[in-house]
Amino acid sequence: MSPYACQRLALATLRPTEHVNDDEAARLADDMRRDGVQRRPVLVERASLAILDGHHRFRAAQALGLSRINAVVIDYDDPRLTLASWTARVFTRQEVCAAARHGALLPAKSTRHILNPPLPDMPVALSALA
């Protein structure tokens, strides 16, 4: 059993914080269409509805015409969550939330949100997200 609860959130309510690689998002959409599931939930910050992890899954869901996405919603001050970076540039939680609020997206793969324990696959059928 997962230590995290999933919710199905409307795509239109979520706020991206990073750019995505369009080819990667298209590949993921193809995988999701072929398998008929969203395997891993996106990670969303509760107060701002900022996407912390799963931008490519979010974009793939949009490309598939889904109205909802499977998500784990977490508070930024949850002790299980750590903000790190994939690059030398380190971003703050305030910068991530500001990107969500203002739509001034950060570079792709710039922030890294780590959960302890890690977020497991929690598959949900695409038909439940239509």
Hey, which of Arg46, Glu45, His113, Arg93 is the one that makes side chain to side chain donor-acceptor pair (under 3.5 Å) with Tyr76?
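Considering Arg46, Glu45, His113, Arg93, a side chain to side chain donor-acceptor pair (under 3.5 Å) with Tyr76 is found only for His113.
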
Just to verify, which of Arg57, His56, His55 counts as forming a side chain to side chain donor-acceptor pair (under 3.5 Å) with Asp53?
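Testing Asp53 for a side chain to side chain donor-acceptor pair (under 3.5 Å) against Arg57, His56, His55 leaves exactly one candidate, Arg57.
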
Do Arg68 side-chain atoms and Ala128 backbone N/O form a donor-acceptor pair below 3.5 Å?
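Checking the backbone N and O of Ala128 against the side chain of Arg68, a donor-acceptor pair under 3.5 Å is found.
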
Tell me the closest heavy-atom pair linking Ala71 and Val44, and the distance in Å.
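Distance-wise, the nearest heavy atoms are CB-CG2, 4.1 Å.
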
Test: [X] and [Y] ion pair at under 4.0 Å:
X: Glu18; Y: Arg59; value: no
X: Asp30; Y: Arg34; value: no
X: Asp35; Y: Arg39; value: yes

State, yes or no, whether a side-chain contact exists between [X] and [Y] at a heavy-atom distance under 4.5 Å.
X: Asn70; Y: Val42; result: no
X: Thr17; Y: Leu52; result: no
X: Glu95; Y: Arg89; result: yes
X: Phe91; Y: Ser110; result: yes
X: Val20; Y: Phe58; result: no
X: Ser67; Y: Leu129; result: no
X: Leu126; Y: Leu64; result: yes
X: Val124; Y: Cys6; result: no

So Leu43 and Tyr4, side-chain contact (heavy atoms from CB on, under 4.5 Å) or not? Walk me through it.
CA-CA 10 Å; Leu43 185 63; Tyr4 306 104; over 6 Å; no

When rounded to the nearest 0.5 angstrom, what is the spacing between [atom1] in [X] and [atom2] in [Y]?
X: Leu49; Y: Leu9; atom1: CG; atom2: CG; result: 7.0 Å
X: Cys97; Y: Gln94; atom1: SG; atom2: CD; result: 7.5 Å
X: Ser85; Y: Arg112; atom1: OG; atom2: CZ; result: 9.5 Å
X: Ile51; Y: Leu14; atom1: CD1; atom2: CG; result: 5.0 Å

Tell me whether Leu28 is reachable from Val72 by hopping between hydrophobic residues (I, L, V, M, F, W, Y) whose side-chain heavy atoms are closer than 4.5 Å.
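Different hydrophobic clusters.
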
In one Ile/Leu/Val/Met/Phe/Trp/Tyr side-chain cluster, 4.5 Å: Ile69, Leu66
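Per the 4.5 Å side-chain linkage, Ile69 and Leu66 are co-clustered.
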
Under the criterion side-chain contact (heavy atoms from CB on, under 4.5 Å), I'd like the reasoning laid out for Asp75 against Leu81: C-alpha separation, chi angles, the key distance, then a yes or no.
CA-CA 8 Å; Asp75 292 316; Leu81 180 64; over 6 Å; no

Can you check side-chain contact (heavy atoms from CB on, under 4.5 Å) on Ile74 and Leu115, steps first, answer last?
CA-CA 10 Å; Ile74 196 163; Leu115 284 173; 3.6 Å; yes

